[in-house]
Chemist: 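First the structure, then my questions, so here it is.
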Amino acid sequence: MAPRLNLVILGKQGAGKGTQSKRLAAAYSIPHISTGDILRAAVKAKSPLGLEVSSILESGGLVSDDLVNRLVEQRFHEPDAARGGLLDGFPRTIGQAEALEGILGDDGVKLCINLDVPIDLVTQRLSSRRVCQECGAIYSDTDVEAISGTCSNCGGDVIQRADDQPDAIRKRLEAYERDTEPLLGFYEARGLLVTVDGSKSPDEVTEAIEKAVSDRGLG
Ligand code: AMP
């Protein structure tokens with residue numbers, strides 16, 4: 001059996017991780033594992049997990065390492081993750097990165113992609129971002145779907161995420177700098193880090209990532 005392809009994508013909120021992850025997961029036939037999506041789905045379903053985390057998500061704070069580590073471990077036990085997975089939004093702290101090494105064992109992270117985008121650009125992207133509550137499609141506030149409030153993909157409601165409001169954006173970017181940026185050094189020290197300019201067009205970014213993956217004989 002082919003070795004598992006475990007990829008991590010890092011970058012500030014609004015760097016384009018969601019968009020790139022969907023493309024890469026399809027290109028490499030591995031699941032897109034977004035802890036943010038898993039947690040938002042739980043909030044929407046009002047499950048016990050969702051009720052526990054809803055106020056944390058709304059304020060832009062971080063859920064505990066223990067909780068997300070367990071979610072990721074469970075997700076890797078699902079059959080579609082037998083060939084690996086693309087992690088988006090996890091790990092977010094050094095503690096989570098260490099836990100991930102334990103979860104993946106010998107077939108660890110093969111590459112960590114750092115989507116580098118200046119803070120002004122991500123702030124602008126986040127404040128204009130609108131999302132479909134049903135299918136997760138991403139729009140900008142000037143798109144017809146955002147203006148009409150209806151998704152052209154599935155007919156769902158297009159809204160602004162509570163954590164894309166200015167206060168929550170600031171809090172999330174501060175948390176990224178404090179808790180997540182140290183992960184760049186963590187993966188660099190393991191020879192696994194590649195930095196890609198995330199301010200380019202989505203197609204150019206995808207091309208640069210796919211080149212980095214194939215340059216390492218992965219994918
Ligand atoms: P995201 O869509 O990745 O920005 O995640 C949305 C929210 O979910 C975050 O602001 C956190 O509240 C929570 N969350 C997602 N992933 C993690 C994680 N790895 N550790 C802690 N909290 C997380």
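Throughout, numbering of the chain's residues begins at 1 and tracks the sequence. Whatever order the structure lists ligands and atoms in, that order sets their numbers, starting from 1.
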Chemist: Who's the nearest protein heavy-atom neighbour of atom 7 (C) of ligand 1, and how far?
Modeler: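 The closest one turns out to be Leu57 CG, 3.9 Å.
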Chemist: Let me see the working for Glu134 and Asp157 under side chain to side chain contact (heavy atoms under 4.5 Å, CB included), right down to the final yes or no.
Modeler: CA-CA 7 Å; Glu134 295 305 320; Asp157 288 342; over 6 Å; no
Chemist: Tell me whether Glu207 is salt-bridged to Arg23, with the criterion being a basic N under 4.0 Å from an acidic carboxylate O.
Modeler: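 No, Glu207 and Arg23 are not salt-bridged.
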Chemist: Can you spot which of Arg92, Gln96, Arg70 makes a side-chain hydrogen bond (donor to acceptor under 3.5 Å, both in side chains) with Asp65?
Modeler: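 Exactly one option meets the side-chain hydrogen bond (donor to acceptor under 3.5 Å, both in side chains) with Asp65, and it is Gln96.
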Chemist: Give me the atom names and distance for the closest heavy-atom approach of Ile209 to Leu115.
Modeler: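 Shortest heavy-atom contact: CD1-CD2, 4.2 Å.
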Chemist: Any idea which atoms of ligand 1 are less than 4.0 Å away from a heavy-atom of Leu62?
Modeler: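 Contacts of ligand 1 toward Leu62, numbered from 1: 21 (C), 22 (N).
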Chemist: Would Tyr187 end up clustered with Leu24 when hydrophobic side chains under 4.5 Å apart are linked, directly or stepwise?
Modeler: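 Shared cluster, no.
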Chemist: For atom 23 (C) of ligand 1, state which one of Leu39, Ile38, Val72 supplies the nearest heavy atom.
Modeler: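 Heavy atom nearest to atom 23 (C) of ligand 1 belongs to Leu39.
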Chemist: Any idea which of Glu58, Lys171, Arg92, Gln96 brings a heavy atom closest to atom 5 (O) of ligand 1?
Modeler: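 The nearest heavy atom belongs to Arg92.
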Chemist: Which is closest to atom 12 (O) of ligand 1 in terms of heavy atoms, Gly61, Ser64, Ser59?
Modeler: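 Among Gly61, Ser64, Ser59, the closest heavy atom to atom 12 (O) of ligand 1 comes from Gly61.
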Chemist: With atoms numbered from 1 as shown, which atoms in ligand 1 lie under 4.0 angstrom from a non-hydrogen atom of Arg172?
Modeler: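 In order of number, 4 (O).
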Chemist: Pick one of side chain, backbone, both or neither for how Val63 approaches ligand 1, counting any non-hydrogen atom pair under 4.0 Å.
Modeler: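 Both parts.
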Chemist: Yes or no: does Arg161 have any heavy atom under 4.0 Å from an atom of ligand 1?
Modeler: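 Judged by the 4.0 Å heavy-atom criterion, Arg161 does count as contacting ligand 1.
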Chemist: Examine Val68 against ligand 1 and note whether any of their N/O atoms are separated by less than 3.5 Å.
Modeler: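 No; every N/O pair is 3.5 Å or more apart.
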Chemist: Does Arg172 pair with Asp163 as a salt bridge, N-O distance under 4.0 Å?
Modeler: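 Yes, charged N to carboxylate O under 4.0 Å.
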Chemist: Hey, is Asp107 close enough to Lys110 for a salt bridge, meaning N to O under 4.0 Å?
Modeler: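 Salt bridge present between Asp107 and Lys110.
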Chemist: For ligand 1, is there an N or O atom under 3.5 Å from any N or O atom of Gly89?
Modeler: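 Among all N and O atoms of Gly89, at least one is under 3.5 Å from an N or O of ligand 1.
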Chemist: Name the closest protein heavy atom to atom 16 (N) of ligand 1, giving the residue it belongs to and the distance to 0.1 Å.
Modeler: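 Ranked first by proximity to atom 16 (N) of ligand 1 is Thr35 OG1, 2.8 Å.
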Chemist: Hey, does Arg40 sit under 4.0 Å from ligand 1 if you only count heavy atoms?
Modeler: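 True for this residue.
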Chemist: So, Arg75 and Asp80, do they make that salt bridge, N to O below 4.0 Å?
Modeler: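 Yes, Arg75 and Asp80 are salt-bridged.
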